[in-house]
*Asks:* 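Handing you this structure, nothing more for now.
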Amino acid sequence: MSRYSAAEIEPKWQQAWETAGTFTAQRDDAKPKYYVLEMFPYPSGNLHIGHVRNYTMGDVVARYKLSTGHALLHPMGWDAFGLPAENAAMEKKIHPGAWTYKNIDNMKSQFSRLGLSLDWSREFATCDPEYYGQQQSMFIDFMEKGLVYRKNAVVNWDPVDMTVLANEQVEDGKGWRSGATVERRELTQWFFRISDYSEELLGALDRLENWPDKVRLMQRNWIGKSRGLQFAFGLIDGPTGHDRIEVYTTRPDTMLGASFVGISPDHPLARALEKDNADLAAFNAECRKMGTAEEEMEKAEKKGFDTGLRVRHPFDTAWELPVYVANFILMDYGTGAIFGCPAHDARDLEFARKYDLPVVSTYAPANDDGTALPEDGGEAYVPPKTEPVIYVRGFAGETEQTGEAAIDAAIAFCEANGVGHGVTKFRLRDWGLSRQRYWGCPIPVIHCDTCGVVPEKKENLPVKLPEDVTFDRPGNPLNWHPTWRDVPCPSCGKPAQRETDTMDTFVDSSWYYARFTSPGAATPTVADDAAYWMNVDQYIGGVEHAILHLLYSRFFARAMHACGHLPESAVEPFDALFTQGMVTHEIYLTRDENGRPVYHLPQDVTDGKLADGTAVEIIPSAKMSKSKKNVVDPVTIIEQYGADTARWFVLSDSPPERDVEWTASGAEAASKHLARVWRICTEAAEAPEEGPKGTDEALLRETHKAIHDVTMGIESFGFNTSVARLYAFTNTLQKSQAGRAARIAAAKTLAQLMSPMTPHLAEEIWAHLGGSGLIANAPWPKADQSMLVDDEITLPIQVNGKRRAEITVPRDMPKDEIEKLVLASDAVKRATADGAEVRKLIVVPGRIVNVVL
RNA sequence: GCCCGAGUGGCGGAAUGGUAGACGCAGGGGAUUCAAAAUCCCCCGCCGCAAGGCGUGCCGGUUCGAGUCCGGCCUCGGGUACCA
């Protein structure tokens, strides 16, 4: 074959790997194991280019680790429960399961064309009853360990569709389908006690050295450990049963700056008061119309309602403060009540100015720079807690001290004087896992009038979702299925009802990595296999999962360990994490008659217009998402150029951790380059027996430098720099005059170095040049350190930090000789021609020389 | 709002505090060809005839030396607990 034809060679090598079982995971105690995992995809129907990027990166790591002598586990599955399937069911009258499995089929065939080193024998979907049945079994174990409980929590309620909405389904406070104003509604829901592990999950972050710092920082902030004071304000003439308001504050040092007390509209006191106060009831009702999203809450205009009640300041019973119900205080946080200190909190200041409440600084900058104080119309003064400030209204500790010291002193003072006590709190809340939806893992419990909440017997698992459901009305079909709910109580046998809530899909994705170690087993995991394969050595996925998915997985692994499903060593399931950037794209939309957006696929938009000539609005690049339709289809690229080109293309140019804006140009260039590599490598076999003197040696040195650089790039996730280095090495090989044997050797090494990225082309070159066996199994080349250093180096000469010249010297030339050469150089002579003196001469060996005048 | 990132030629980007722009794309010029495709060679940050000057989002600082470190901003992206 003279021309490189992806269409011919790619299926051939994919078949060869499959026949040889190259990527079938095999335990081998003689080898170190390596478990590489990319976050499994939601089966939306089509691979998009972001998937190609993600899975190609994982594949590079996997193939590289296989070549370096590891027993490899590289599995794939499907995160298959979730909302889009139910939306499809409503829109297209297709069962969510049928839709999902059809999508899986389609995506799997797209996957197979990419030539990924996946062990498909371990594949599963989270919607397989075999998988979710094991999940139900663990849920029951968690119940027994006290890791699960029920409590009331608020949801977004669509009063027209009579259904619960996801935050994403609420647009500007309205239900996305009905357009009705969304209300908050309380439901009894299931929770995991993740907050019991707050301290543990926080502390263990320090040991995750191979995780990105930014992810650890985000998790640390999310868990949000704080030390503060919990104390009570005495309530004057409150309703029966309400004589005090408990508040929690992280800034007890500002207690003398208190200006009001705020309580949540859902606070028991607010609920008690609204019974006799129609205006307050109306205000609270208005607050409850807000969605449940934190973002919405924080951005909304701060509003309060003066209850007319007063509380006494604990330091001075003559000092009274007003009590407001405020829309920005959540019942779920702390005690559902705060004291406002407007001088040192932007939100409280906004509130105080709106309701004309006092603003009193408790501390001021140590160095008065003339900035207006909050009481004089300035901004709230909120310096870092580590910065010393002057306490103008302090009551504990030094006059000048840091916030940290003042907080400690304030807590000690308050405790000594019987005003509350110091408490450590966490921002992390328990994990609400109930979903009022069909397409999820059923929660395996039964509600019995006599016995209460009873877990299903394990021998009856899985509790399967009924197939015969329809989606012609909104809400959860499990609620109105004629027979599914009705079961005898597992405990007393009397008629009872199944729980109709299903589990959050984050539960499904919190343990799939463990299931991959023994996917067919009759228990969630098998101790032996889990011990061998866990942990995931390299986990790869989008940074958008930095908090929730990764934190939930860390909790789940601990809970599984508590129930004997994972060894202690696997409580941190991901040894190393890499968060790749997203592939972004512009969003195209038009508006319907109600002004609501209608999104369009990139392939339907040409020059800013639809086929019928309608102009589209263009929103700048954002994360590709199915709902916004800004997705790019990689199949057309594979069909036109082949998988290797698609793979090469997504690895080139952009650094893996950075977002990349997809543009169609460039695939052509990648394709040309691969054809060129093929040509250069095959031509090596036709080179003259011997080249000019020294050319073999020179090529060998370049080969070893390439091995070193490309390997470093792969190991540090610098795939784009590895690719750049491979371009350079290809150029070197092309220009080399070396003899046949040397060129063949270099070409084979080039093929090996490219094999994790363009595996089909690499196999073809390897076979053509007489390599033995599959290149996938060939041991990774090793760089000879002695080949990496040159005898001569070039040193730039700077004058006052600006480069003026350079000199080439032997690598080991002593410093004083370099100095002599530099001082004698034309550049320095020119610079000192006006009589300037050399004040300093800095020689950084092997790096640079700086002449300071 | 709050938390976390990112910002370098026309474009994607490279650069342990040490020659800013490697490598590639696009563009320009040339070779080959009857012509084209394919391929190969050369040029390519900005201003300037040149000498030289200016340049890594903006302002300031540390340093012999800053894209890189520190402080303050701006813009864009992610997360914000029911999208996955």
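Sequence lines set the chain letters: A, B, ... in the order given, protein chains first and strands last, and positions in each chain run from 1. Both backbone and side-chain heavy atoms feed into the values below; hydrogens, waters and symmetry mates do not.
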*Asks:* Take the protein atom NE2 of A:His549 and the nucleotide atom C1' of B:rA84, then report the distance between them rounded to whole Å.
*Replies:* 10 Å
*Asks:* Using a cut-off of less than 4.0 Å, is there contact between a side-chain N or O of A:Asn720 and OP1 or OP2 of B:rC23?
*Replies:* no
*Asks:* Is there a side-chain contact between A:Ser654 and the phosphate of B:rG12, meaning an N or O under 4.0 Å from OP1 or OP2?
*Replies:* no
*Asks:* Over all heavy atoms of both residues, which pair between A:Asn156 and A:Thr292 is shortest? Give the atoms and the distance, please.
*Replies:* OD1-N, 2.9 Å
*Asks:* Measuring from the side chain of A:Lys672 (C-beta onward, heavy atoms only), which nucleotide among B:rC25, B:rC82, B:rU39 has the closest atom?
*Replies:* B:rU39
*Asks:* Respond yes when some side-chain nitrogen or oxygen of A:Thr721 is under 4.0 Å from OP1 or OP2 of B:rA14, and no when none is.
*Replies:* no
*Asks:* So which nucleotide from B:rA81, B:rG24, B:rG18 ends up closest to the side chain of A:Gln798?
*Replies:* B:rG18
*Asks:* Within the 4.0 Å heavy-atom criterion, would you say A:Asn800 contacts the bases, only the backbone, or no part of the nucleic acid?
*Replies:* nothing
*Asks:* Could you work out which one of B:rC25, B:rU16, B:rA14 sits closest to the side chain of A:Ala669?
*Replies:* B:rC25
*Asks:* Can you check whether A:Arg676 has a side-chain N or O nearer than 4.0 Å to OP1 or OP2 of B:rC40?
*Replies:* yes
*Asks:* Determine: side-chain N/O of A:Arg429 to OP1/OP2 of B:rA81, distance under 4.0 Å, yes or no.
*Replies:* no
*Asks:* Is the shortest side-chain N/O distance from A:Asn221 to OP1 or OP2 of B:rG79 below 4.0 Å?
*Replies:* no
*Asks:* With no hydrogens and no angle check, is any side-chain donor or acceptor of A:Asn152 less than 3.5 Å from a backbone partner on A:Glu186?
*Replies:* no
*Asks:* May I ask you to evaluate whether A:Gln734 reaches the phosphate of B:rC40, defined as a side-chain N or O under 4.0 Å from OP1 or OP2?
*Replies:* yes
*Asks:* State whether the side chain of A:Arg804 and the backbone N or O of A:Ile797 hold a donor-acceptor pair below 3.5 Å, judged by distance alone.
*Replies:* no
*Asks:* Taking only Lys NZ, Arg NE, NH1 and NH2, and the carboxylate oxygens of Asp or Glu, determine whether A:Glu294 and A:Arg427 approach each other closer than 4.0 Å.
*Replies:* yes
*Asks:* Go nucleotide by nucleotide along RNA chain B from the 5' end; which of A:Lys214 and A:Ile848 gets its closest nucleotide reached first?
*Replies:* A:Lys214
*Asks:* Just how far, in rounded Å, is C1' of B:rG1 from CG of A:Asp348?
*Replies:* 13 Å
*Asks:* Which residue, A:Leu165 or A:Asp213, contacts RNA chain B at a nucleotide closer to its 5' end, judged by nearest heavy atom?
*Replies:* A:Asp213
*Asks:* Quick one: is B:rG65 close enough that its OP1 or OP2 comes under 4.0 Å of any side-chain N or O from A:Arg847?
*Replies:* no
*Asks:* Is B:rG7 in the syn or the anti form, by the rule that syn lies within 90° of 0?
*Replies:* anti
*Asks:* Rounded to the nearest Å, what distance is computed from the OH atom of residue A:Tyr512 to the P atom of nucleotide B:rA84?
*Replies:* 15 Å
*Asks:* Rounded to whole Å, how long is the line connecting atom CZ of A:Arg658 with atom P of B:rU8?
*Replies:* 7 Å
*Asks:* Return the value, rounded to whole Å, for the distance between atom CD of A:Gln219 and atom C1' of B:rA81.
*Replies:* 13 Å
*Asks:* A:Leu217 side chain: which of B:rG65, B:rG78, B:rG5 is closest?
*Replies:* B:rG5
*Asks:* Quick one: which of B:rA14, B:rG18, B:rC82 gets closest to the side chain of A:Arg437?
*Replies:* B:rC82
*Asks:* Send over the distance from A:Ile443 CD1 to B:rC82 P, rounded to a whole Å.
*Replies:* 13 Å
*Asks:* The side chain of A:Asp653 is closest to which nucleotide in this list: B:rA14, B:rA81, B:rG12?
*Replies:* B:rG12
*Asks:* Would a line drawn from the ring center of A:Phe717 to the ring center of A:Phe719 be shorter than 6.0 Å?
*Replies:* yes
*Asks:* C1' atom, B:rC74 versus B:rG28: distance in rounded Å?
*Replies:* 37 Å
*Asks:* Choosing from B:rC83, B:rG1, B:rU19, which nucleotide comes nearest the side chain of A:Ala166?
*Replies:* B:rC83
*Asks:* Treating A:His344 as the side-chain partner and A:Tyr381 as the backbone partner, does any N or O pair qualify as donor plus acceptor under 3.5 Å?
*Replies:* yes
*Asks:* Can you tell me how far P in B:rU56 sits from the matching atom in B:rG10, rounded to whole Å?
*Replies:* 13 Å
*Asks:* Which nucleotide, B:rG18, B:rG53, B:rA84, lies nearest any side-chain atom of A:Ile842?
*Replies:* B:rG18
*Asks:* Are A:Lys705 and A:Glu702 close enough for a salt bridge, meaning some N to O gap below 4.0 Å?
*Replies:* yes
*Asks:* What's the CG-C1' distance between A:Leu577 and B:rG5, to the nearest Å?
*Replies:* 14 Å
*Asks:* So, under a plain 3.5 Å distance rule, would you say the side chain of A:Glu295 forms a donor-acceptor pair with the base of B:rG79?
*Replies:* no
*Asks:* Using atom CG of A:Asn103 as one end and atom C1' of B:rA84 as the other, report the distance to the nearest whole Å.
*Replies:* 14 Å
*Asks:* For the side chain of A:Gln189, counting heavy atoms from C-beta on, which of B:rA15, B:rG18, B:rC82 is nearest?
*Replies:* B:rC82
*Asks:* Side chain of A:Glu168: nearest nucleotide among B:rC83, B:rG78, B:rG18?
*Replies:* B:rC83
